[in-house]
Visitor: 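Please read through the structure below; I'll follow up with questions.
Everything numeric here is computed off the predicted structure, so don't read it as measured data. Chain letters run A, B, ... following the sequence lines, proteins first and then strands; every chain starts at 1.
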Amino acid sequence: MQEKYAPADIEQAAQRRWEDSAAFRAVEDPAKPKYYCLSMFPYPSGKLHMGHVRNYTIGDVLTRYHRMRGFNVLQPMGWDAFGLPAENAAMANGVPPAQWTYDNIAYMKKQLKSLGFAIDWGRELATCRPEYYKWNQWLFLRMLEKGLAYKKTQVVNWDPVDQTVLANEQVIDGRGWRTGAAVEKREIPGYYLAITQYADELLGALDRLPGWPERVKTMQANWIGKSHGVRFAFPYELDGRREKLWVFTTRADTIMGVTFCAVAAEHPLASTAARGNPALAAFIEECKQGSVMEADMATMEKKGMPTGVFVSHPLTGEKIEVWVGNYVLMGYGEGAVMAVPAHDERDFGFAKKYGLPIKQVIDIPGQPFSLDAWQEWYADKENGRCVHSGKYDGLGLAAAVDAIAADLQAKDLGGKQVTWRLRDWGISRQRYWGCPIPLIHCERCGTVPVPDDQLPVALPEDCVPDGAGNPLNKREDFLNCACPKCGGAARRETDTMDTFVDSSWYYSRYASADNHRAMVDARVKYWLPVDQYIGGIEHAILHLLYSRFWTKAMRDLGLVDFDEPFSRLLTQGMVLNETFFRKPAAGRIRYYNPADVELKFDDKGNRIGAVLKEDGEPVESGGIGTMSKSKNNGVDPQALIERYGADTARFFMMFASPPEQTLEWSDSGVEGSYRFLKRLWSYCARFGPSAVAEASAKESAKESPKAARFEIHAALKQANYDFARFQFNTVASAAMKILNALERCGGGRHAVSEEGLSILLRLLSPITPHICDHLWRELGFGDDILHAPWPEPLEAALAQDEVELVLQVNGKLRGAVKVPADAAKKHIEAAALASEIALKYMEGKAAKKVVVVPGRLVNIVV
RNA sequence: GCCGGGAUGGCGGAAUUGGUAGACGCAGCGGACUCAAAAUCCGCCGCUGGAAACAGUGUGGGGGUUCGACUCCCCCUCCCGGCACCA
């Protein structure tokens, strides 16, 4: 065996062997329990980053662990290949997005392979391939038939940088999720998927996902935003016509306190009233411009203007003035609200500002009501009772709402209603590099779906976008087609689908990726749902909500028979690194890569500063943050693998912190992981034939084989416990403990080292598969460690004759007592009381009570 | 403001769920090997006092329950993440 650990050689050899033997090809086998382990597929941006390495290592550790546990495991990989970075790259260097994308895929695939992931590459897919997106189009047409997809023109979020529409989910703090550009409002026609039809199920089913992190479920529930209330109308007359102003409220019990109404700037009543009222028209225009563009909408000053329109209170008939308010959102409820300034903080502020009346209708005895300032209790839902509300006086919230809803219903002016925050999913994008929407516009027949037998509508792959709109609009060969209905000349739709459509069902496609006649086939029944999904928390709403919706839509179309796509979800933490910078007296702040910085410590190991290696001059620390280009604190996985090998990279990733937590990068931590693998290697290199070993073992041993064996099995027991709860950092520690124990009981081959090393290699093989594969063969443990059974701790090894119990006096640790492992409580008590330590600390007092915890401790209370 | 998650040595993090706090590793200090350095190996390493034995103290702060609390309960401080004119 080679003296020195040379990761590059053994890793390539192992990877070649796995590839040649198709070791990770997954085949449906009803006799075995299946385990579908999926990591979120990457966008082919160019090269892997540390987040990818962490994500896929977690997935691979779980994959390999379950394989050895006897599961039939599927771990596929693919590419989320449509999207805007490809178009931006095309504009920058004139290469068609398709070519850029395929080149990136080729490079990143090579990188993934060099990390030794147990992936079934036979199922690889890329969403930009027609054989994949054909089924996007096919399913879109089925949704269209069912009314689940539809066209409408409405005010949408427009990203001025990416030149496209964004879904509500893609707008964060008023800015585009990708570009960070302030989103504008535009009225544009587009196609929508009726995700709101599934709002109730999407919300309710969250309770049936015990394997999902609580915070992801909370975020989804908040996003869906179910709210119970009353929808009712204020009747009014305008230009001689009888109209109704509909509003929604969760506080119908305060209806008698309404002193005005407010509508959104985009509300039809506002536009009607603005005719012949230039001041109002100007104000409406100001609201439309400003509102969504302001990132700090919440703190924005409340502004309004009266419309001059008066409506009637539905219960009292009182005249109520309607205002336009910049705080009313067109996208929620009816885009109009009843205003009860006495019991709603926003309405209160608005009424004070414009001198509108405030009428108290809720009271809590003992709490004084004053018009001077808003009090928290004014909006108290639990303790408030109706006052000044006629027949409703004395009622609490629930009873008042019931009574008022019934009265409104009797007048045919409304009733109870559930309102959702969730909006339908707008999927039209005015971009080139995406899946074409399979529709044809005919002057005679209108919009006509592309017939199934003409799918896919293929996207030309040779376009080079120039930044001036969608290049498809200039492609006559794409645009011109025959109307499927009348056969006349027609034009294709040039909008493409949101790329989140592509990723909403790829996990199902892996199960039947080679079937070009159906979207999914029977094999989906075997593999799906995904048993373990792993990815970043940033997809908590977008991708994970869309996928859940898509699954339910596919189910209702009879394509799959499961309700939820991902049984368990692991959201891995981000990879962080420290930032270092210098801020010159004049000029811009400059960031230095941590690799070029040397840390300074005092004699006690306390950090006292950092200097740039190049010039020895100090740099400032900007704290720990996500790896990013702008902060120059990224670490390239490629360099890491080339220097230390994939096993070291994988081990460090698992060891540095538990998978759900953030991981702080540390060069010396990587060094430590490498050191451990080198130690493992050199231990194995000395693992000679038994006769020689026996003697040398006795000589060098610092610990008895029996004690070492106990430690090894105890560490294994802990590791198995931690594997089951996905705490891989302590699994890695356990492996280190086992090697420490092996080294303590002497080198060479003997009964304990043979057993211990066989345990260690198997335990470690999901994390560092290459070195374990090599050593397993080299030392003659067997043919292929992939087929070795998972190690289990033996009771016999864990049995002890004598145990040491902690001895406490009055709860304070004072020493220890040794007793036989099977000693009765009585004997332990007697032994403890008789011990020197007990006599010393009891100071002659009598024991009041003795607590014995078997196997743990004795506490004497005096 | 609301919801969720946190706070443990110089650092990353353990503590099998109420039973020896600081496992494992990093950094640091001392030593061996070396002409020297790197690599490797051995030892020490929460804080305070002490030469040491040892004693005291210690899991963000304060109180409580318990023989015993990082862990459970109440109050407070700070940090991170999400949502937020949602009517």
Visitor: If B:rC54 has a Watson-Crick or G-U wobble mate with both distances under 3.5 Å, name it; if not, just say none.
Guide: B:rG49
Visitor: Describe the nucleic acid contact of A:Gly672 in one word from base, sugar-phosphate, nothing, applying a heavy-atom distance below 4.0 Å.
Guide: sugar-phosphate
Visitor: Can you tell me which nucleotide in B:rC85, B:rA27, B:rG25 comes closest to the side chain of A:Ser668?
Guide: B:rA27
Visitor: Between A:Glu703 (CD) and B:rC42 (P), how many Å, whole number?
Guide: 13 Å
Visitor: Could you work out the separation of B:rG30 and B:rU77 based on their C1' atoms and round it to a whole Å?
Guide: 41 Å
Visitor: Between B:rG62 and B:rU57, how far is it from one P atom to the other, in whole Å?
Guide: 14 Å
Visitor: Evaluate the salt bridge (Lys or Arg N to Asp or Glu O under 4.0 Å) criterion for residues A:Glu711 and A:Lys737: first the C-alpha distance (whole Å), next the side-chain angles of each, then the deciding distance (0.1 Å), finally the verdict.
Guide: CA-CA 8 Å; A:Glu711 282 178 45; A:Lys737 281 187 203 170; over 6 Å; no
Visitor: OP1 or OP2 of B:rU20 sitting under 4.0 Å from any side-chain N/O of A:Gln808?
Guide: no
Visitor: Among the candidates B:rA14, B:rC86, B:rU20, find the nucleotide nearest to the side-chain atoms of A:Thr730.
Guide: B:rA14
Visitor: Looking only at side-chain N and O atoms, does A:Asn222 come under 4.0 Å of OP1 or OP2 in B:rG82?
Guide: no
Visitor: Can you tell me which nucleotide in B:rC67, B:rC85, B:rC24 comes closest to the side chain of A:Lys849?
Guide: B:rC67
Visitor: So what does A:Val247 touch, heavy atoms closer than 4.0 Å: a base, only the sugar-phosphate, or nothing?
Guide: nothing
Visitor: Would you call the rings of A:Trp323 and A:Tyr354 parallel, tilted or perpendicular if under 30° counts as parallel and over 60° as perpendicular?
Guide: tilted
Visitor: For A:Phe676, which contact category applies under a 4.0 Å heavy-atom criterion: base, sugar-phosphate, or nothing?
Guide: nothing
Visitor: Could you measure between the two P atoms, the one in B:rG6 and the one in B:rC74, and give it in whole Å?
Guide: 16 Å
Visitor: If you only use heavy atoms from C-beta on, which nucleotide in B:rG19, B:rC26, B:rG56 is closest to the side chain of A:Arg814?
Guide: B:rG56
Visitor: Where the side chain of A:Arg421 is defined as all heavy atoms beyond and including C-beta, which of B:rC54, B:rA87, B:rC86 is the nearest nucleotide?
Guide: B:rC86
Visitor: NA contact type, A:Arg215, heavy-atom cut-off 4.0 Å: base, sugar-phosphate, or nothing?
Guide: sugar-phosphate
Visitor: How is A:Val861 classified with respect to the nucleic acid when contacts are heavy atoms under 4.0 Å: base, sugar-phosphate, or nothing?
Guide: sugar-phosphate
Visitor: Looking only at the side chains, is there a donor atom on one of A:Thr579 and A:Asn633 sitting less than 3.5 Å from an acceptor on the other?
Guide: no
Visitor: To check you understand the geometry: which heavy-atom pair defines the closest contact between A:Lys381 and A:Leu397, and what is its length?
Guide: O-CB, 3.8 Å
Visitor: Quick one: label A:Arg231 by what it contacts on the DNA or RNA (base, sugar-phosphate, nothing), any heavy atom closer than 4.0 Å.
Guide: nothing
Visitor: Between A:Glu664 and A:Lys717, who's closer to the 5' end of RNA chain B by nearest nucleotide?
Guide: A:Glu664
Visitor: A:Leu813 has a side chain; which of B:rA21, B:rA55, B:rA87 sits nearest to it?
Guide: B:rA21
Visitor: What does A:Phe601 touch in the nucleic acid at a heavy-atom separation under 4.0 angstrom: a base, only the sugar-phosphate, or nothing?
Guide: sugar-phosphate
Visitor: On RNA chain B, does the nearest nucleotide to A:Ala656 precede the nearest nucleotide to A:Met330 from the 5' side, or the other way round? Give the residue.
Guide: A:Ala656
Visitor: Would you measure the distance from the C1' atom in B:rU71 across to the matching atom in B:rU8 and give it in whole Å?
Guide: 12 Å
Visitor: What integer number of Å spans the P atoms of B:rG43 and B:rA23?
Guide: 15 Å
Visitor: Reckon A:Glu334 touches a base, only the sugar-phosphate, or nothing at all at heavy-atom distances under 4.0 Å?
Guide: nothing
Visitor: Report the nucleotide, chosen from B:rA87, B:rC3, B:rG13, that has the shortest atom-to-atom distance to any side-chain atom of A:Asn729.
Guide: B:rG13
Visitor: Look at the side chain of A:Arg346 and decide which nucleotide, out of B:rC3, B:rC85, B:rA14, has an atom nearest to it.
Guide: B:rC85
Visitor: Heavy atoms only, 4.0 Å cut-off, all strands: where does A:Lys678 land among base, sugar-phosphate and nothing?
Guide: sugar-phosphate
Visitor: Please tell me which of the listed nucleotides, B:rU20, B:rA14, B:rG56, lies nearest to the side chain of A:Arg856?
Guide: B:rU20
Visitor: Rounded to whole angstrom, note down the C1' distance from B:rU34 over to B:rA52.
Guide: 35 Å
Visitor: Could you measure between the two P atoms, the one in B:rU17 and the one in B:rC3, and give it in whole Å?
Guide: 31 Å
Visitor: Which part of the nucleic acid does A:Asn740 contact within heavy-atom distance under 4.0 Å: base, sugar-phosphate only, or nothing?
Guide: sugar-phosphate
Visitor: Using a 4.0 Å heavy-atom cut-off, does A:Asn859 contact any base of the nucleic acid, only the sugar-phosphate backbone, or nothing at all?
Guide: base
Visitor: NA contact type, A:Gln718, heavy-atom cut-off 4.0 Å: base, sugar-phosphate, or nothing?
Guide: nothing
Visitor: For the side chain of A:Arg675, starting at C-beta, report the closest nucleotide among B:rU40, B:rG13, B:rA87.
Guide: B:rU40
Visitor: Over 60° means perpendicular and under 30° means parallel, so classify the ring planes of A:Tyr5 and A:Trp681, tilted if in between.
Guide: tilted
Visitor: Please classify the nucleic acid contact of A:Gln727 as base, sugar-phosphate, or nothing, using heavy-atom distances under 4.0 Å.
Guide: sugar-phosphate
Visitor: In whole angstrom, give me the gap between the P atoms of B:rU65 and B:rA7.
Guide: 25 Å
